[in-house]
Amino acid sequence: MPEAQKTTLKSWPRTAKGGGKKACTVEGCKRPYRAKSYCFFHFKKWRQGELPHSRYRTCSKAECRVKTEKGGLCAKHYAETYKTAAA
């Protein structure tokens, strides 16, 4: 068997969309965008729900970033709102 040839990467294997001409839409970020107008770093944060325009609908209560369950509220706030009203 021939010896395995070593290959070295000359550039990043994944290329940005738009040929690297368009930048990430997050203010102050100059990386080329990858998806959803975000660079790879901010796209990951978007998927995790850490950016203002999250992947899913979030609770309508102030400062709550949890996914909605019913009526625009997360499970916790829904239970607080409607169980106290029924009691």
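All values below come from the heavy atoms of this structure, side chains included, with hydrogens, waters and symmetry mates left out.
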Legend entry - Residue pair C24 / K30, side-chain heavy-atom distance below 4.5 Å: no

Legend entry - Partner set under side chain to side chain contact (heavy atoms under 4.5 Å, CB included) for F43, not counting sequence neighbours: A35, K36, Y38, W46, R47

Inset, instruction - State the CZ-NE2 distance between R34 and H42, to the nearest 0.5 angstrom. - result: 15.5 Å

Legend entry - Contacts of type salt bridge (charged side-chain N to carboxylate O under 4.0 Å, His left out), residue K45, not counting sequence neighbours: E50

Legend entry - Side-chain touch L73/T81, heavy atoms, less than 4.5 angstrom: yes

Legend entry - side chain to side chain contact (heavy atoms under 4.5 Å, CB included) against K76, all qualifying residues, sequence neighbours excluded: C74, E80

